[in-house]
K.L.:
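Quick one: structure below, then a few questions.
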Number of protein chains: 2
Amino acid sequence: MELSQRKEKILAAVVEHYIRTGEPVGSKTLLNALDISVSSATIRNEMAELAALGYLEQPHTSAGRIPTNEGYRYYVDRLMGVRQLDESVKRQIEAGMSIKNVSPEAILAKASEFLADMTECAAVSTTPSGENATIRRIEFVPVGTRTGMIVLLTSTGVIKSKVCRSDVDLNSSMIEKFYNIVKSSFIGVPLDDIDTATLQTLVASMGMDALTMIPFVSAVSELAQEATRTMVMLGGQSNILRYREEYGTTAYELMDFLRRGEPISQLLANSKEDLDVKIGGENQFKQLENSSVIMAHYNIDSDNRGSIGIIGPTRIDYASLIPSVRYLTDLVGELLTQTLNED
Amino acid sequence: MELSQRKEKILAAVVEHYIRTGEPVGSKTLLNALDISVSSATIRNEMAELAALGYLEQPHTSAGRIPTNEGYRYYVDRLMGVRQLDESVKRQIEAGMSIKNVSPEAILAKASEFLADMTECAAVSTTPSGENATIRRIEFVPVGTRTGMIVLLTSTGVIKSKVCRSDVDLNSSMIEKFYNIVKSSFIGVPLDDIDTATLQTLVASMGMDALTMIPFVSAVSELAQEATRTMVMLGGQSNILRYREEYGTTAYELMDFLRRGEPISQLLANSKEDLDVKIGGENQFKQLENSSVIMAHYNIDSDNRGSIGIIGPTRIDYASLIPSVRYLTDLVGELLTQTLNED
DNA sequence: GTTAGCACTCTTTAGTTGTGAGTGCTAACT
DNA sequence: AGTTAGCACTCACAACTAAAGAGTGCTAAC
């Protein structure tokens, strides 16, 4: 649906004013905000048509107009200036993310935290998906008479470790056996393939050694699962309360939804675009019907991607937040690429 | 201040009724709740005196009475029956905490999460303090041509690891040198002593090897710091919103306060009692002036203790939550002792 | 197509009134 | 002296009314 230039101008002004003030905007207000030489009556007529087209709505008869979800959508797709990010903001983001010598998880946790503070929204991020990753290496580090730490390194550069406990005292022949098992059954194997079925056949084939090896083998399996699972990092839940006005009593449901992680993970994974905006009901989850999500994706390599996003009310400041999310996401992508590929 | 038996009965009834309903309680209501053969007028007189003594207050002239902080305090200290925990609740807690093969952090995170769900309050826990802990062992696991994982094991059984990156390719002589440094300068050293000053003298004494060793040495130092730092695990922030009524707009401040971690850590550490209840303003932080904190401490050994607590409105159900917090904390203490002492 | 003008709608705020819960006090009772 | 019935009093709360104000939609003229 193509709108006249004047309608577009009016729609944009309504959206921007409403985003700024949270108040329905009337024809007179627009007259001031808009440098257009028509009267308020004309604007009223145009607004009435915009309402008929479904881009604006009235909370009640004698109030100004507010954008509908379709109104926001039109604005985001066609009207919003693709603002270039201020140099100062860029530097602020870079400063915020200048942490080093840390794990991918810590980088992403920091990203959520920082993005939440910066945008005053709730922020989420997911760890790299690591699809098709295989086990590159496994090490066993004895730390006690019966305990050792197993370190797993994936082909995507992720390192996971876990302490495990043997039922009997460790000795060098056991460790040797463990490394044999690792070499024959784990190295080069895709992480997804390490399921309980595989482990059972493996254990079965070990004969009388099985019992002592079980803790080690299952530790490897848990590590493999951890390395596969994309984790969701959540930051700034409390920012939801900044928008009490628009959320009312549903604030609790939203916070609870965010906490769950799993649906967020789906939400982010379902988006194929490089950068995606979902407005209100466009989100598949009803808990988000009054929220907008701005999300971007980072790519470490073709098999290894993740997402970062913010969640706020539908009257979020799209024009200035979208570039921030994009820039931060790109930056995190670079940081992760560095971290994971250097060795 | 010693109250007459009848006054105590009335105070207890007011507290319990108010905790249950959230409504100010009047003399007639008490008449029903109390199996006492006096008239409402007598109760009114008694309540007036309790108010004069500072144990009760009136939101406004023509409303019933609600307990003051002092009222709650008297109730908690002297009136509340030290209820024995139901067997079913015990089993519920045990079931909730039956996770195995995980790190102390994961146990405590789970404890916060579970306790929050169970009590419908926000819950916090701190990792063991590890005072006076020393470095027991350090291992280096090569994982790439230039990267390796350093594993640090403390005398208290805590294991921390970190990936670090060398500026040059690793070779066996470097690793040997690293182990020499470890043996001479780290093993047996208290974690607290590993500060930047010590490291500088250490690096200075290494002469020309210093440059290549710096990443390793500083990684050890970071690990030592991580192992010292008590972390705060937070669960169920969203439960704050269950008490919108009592928190109103301060809900945001409270959530923000919880998120900070550091003050929580102080709060928990400042309590010397085995189990401690802080009511409203008894807390040193003004963000908690409308909240009560129930906290308990676990002891792994004399140098190694931590805390678990819940935070809710002052009209929290002390009688039934205190035993739950205590039981869970004891259980976590046992779990951690097992985890940390077995090797 | 645009605009001035005006009646109309509907929210918001303030003011009014009535109701009910609950108190505090007094005087009588045990 | 402690207890109780009785009653006047207070005050939040809800329901209602009135006035104000913002903003619209429509009509008729430009």
Side-chain angles (χ1 to χ4, degrees), chain A residues 2-11 13-18 20-68 71 244-246 248, chain B residues 2-11 13-18 20-68 71 244-246 248:
Chain A
E2 184 79 29
L3 293 180
S4 77
Q5 209 178 348
R6 193 168 66 188
K7 280 203 182 60
E8 291 198 336
K9 227 169 169 175
I10 290 174
L11 177 55
V14 171
V15 171
E16 278 159 17
H17 194 278
Y18 184 64
R20 190 146 34 81
T21 66
E23 300 288 316
V25 5
S27 49
K28 279 193 201 134
T29 320
L30 278 182
L31 201 56
N32 297 339
L34 228 47
D35 57 340
I36 206 173
S37 54
V38 292
S39 75
S40 66
T42 309
I43 296 183
R44 275 204 292 285
N45 288 332
E46 294 284 54
M47 289 209 293
E49 286 182 50
L50 282 168
L53 292 168
Y55 294 119
L56 295 179
E57 67 182 339
Q58 282 177 292
H60 51 261
T61 331
S62 74
R65 299 299 209 297
I66 61 174
T68 60
R244 229 185 257 93
E245 194 107 338
E246 23 274 295
Chain B
E2 184 79 30
L3 294 179
S4 77
Q5 209 178 350
R6 194 169 64 187
K7 280 204 182 59
E8 292 197 337
K9 228 169 166 175
I10 290 174
L11 177 54
V14 171
V15 170
E16 278 160 17
H17 194 278
Y18 183 64
R20 191 146 33 81
T21 66
E23 300 288 318
V25 4
S27 49
K28 277 191 202 138
T29 321
L30 279 183
L31 201 56
N32 298 339
L34 229 48
D35 58 339
I36 206 174
S37 53
V38 291
S39 76
S40 66
T42 310
I43 296 183
R44 273 205 293 285
N45 288 332
E46 294 284 54
M47 288 208 294
E49 287 182 51
L50 281 168
L53 292 168
Y55 294 118
L56 295 179
E57 67 181 340
Q58 282 178 292
H60 51 263
T61 331
S62 73
R65 297 300 209 299
I66 60 174
T68 61
R244 231 184 255 94
E245 194 108 336
E246 22 274 294

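Quick note: numbers below take in every heavy atom, side chains included, and nothing from hydrogens, waters or symmetry partners. Per chain, numbering begins at 1; letters A, B, ... match sequence-line order.
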K.L.:
Specify the separation, in whole Å, of atom CD of A/Glu57 and atom C1' of C/dC10.
P.N.:
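Distance check: A/Glu57 CD to C/dC10 C1' gives 16 Å.
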
K.L.:
What heavy-atom pair brings B/Leu56 and B/Pro67 nearest, and what distance separates the two atoms?
P.N.:
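Looking at all heavy atoms of both residues, the shortest contact is CD2-CA, 3.8 Å.
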
K.L.:
Can you tabulate the close N/O pairs, meaning under 3.5 Å, that link protein atoms to atoms of nucleotides 14-22 of chain C?
P.N.:
residue, atom, partner, partner atom, Å
C/dG22, O4', B/Ser62, O, 3.4

K.L.:
What is the first contacted nucleotide of DNA chain D and what is the last, in 5' to 3' order, if contact means an atom lying under 4.0 angstrom from a heavy atom of chain B?
P.N.:
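First and last nucleotides in contact are D/dT3 to D/dA12.
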
K.L.:
Are A/Val38 and A/Arg6 packed together at the side-chain level, in the sense that at least one heavy-atom pair is separated by less than 4.5 angstrom?
P.N.:
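The answer is yes; the side chains approach within 4.5 Å.
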
K.L.:
Could you point out which residue of A/Val14, A/Ile10, A/Asn45 forms a side-chain contact (heavy atoms from CB on, under 4.5 Å) with A/Leu50?
P.N.:
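Single side-chain contact (heavy atoms from CB on, under 4.5 Å) partner of A/Leu50 among A/Val14, A/Ile10, A/Asn45: A/Ile10.
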
K.L.:
Write down the atom of A/Ser4, the atom of A/Glu46, and the distance for their closest heavy-atom approach.
P.N.:
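In terms of heavy atoms, the two residues are closest at OG-OE2, 4.3 Å.
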
K.L.:
I'd like a table of donor-acceptor pairs (distance under 3.5 Å, sequence neighbours excluded) in which one partner is a side-chain atom from residues 20-34 of chain A, with atom names and distances.
P.N.:
residue, atom, partner, partner atom, Å
A/Thr21, OG1, A/His17, O, 3.0
A/Thr21, OG1, A/Glu23, N, 3.1
A/Ser27, OG, A/Arg44, NH1, 3.4

K.L.:
In Å and rounded to the nearest 0.5 Å, what is the CD to CG distance from A/Glu16 to A/Leu11?
P.N.:
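Output value for this atom pair is 9.5 Å.
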
K.L.:
What pair of heavy atoms forms the shortest contact from A/Glu8 to A/Leu3, and how long is it?
P.N.:
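Nearest heavy atoms, A/Glu8 then A/Leu3: CG-CB, 3.7 Å.
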
K.L.:
Which nucleotide, if any, forms a Watson-Crick or G-U wobble pair with D/dA28, using both distances under 3.5 Å?
P.N.:
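Checking every strand shown, D/dA28 finds its partner in C/dT3, with both distances under 3.5 Å.
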
K.L.:
What are the two closest heavy atoms between B/Gly54 and B/Thr68, and how far apart are they?
P.N.:
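The answer is O-OG1, 2.6 Å.
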
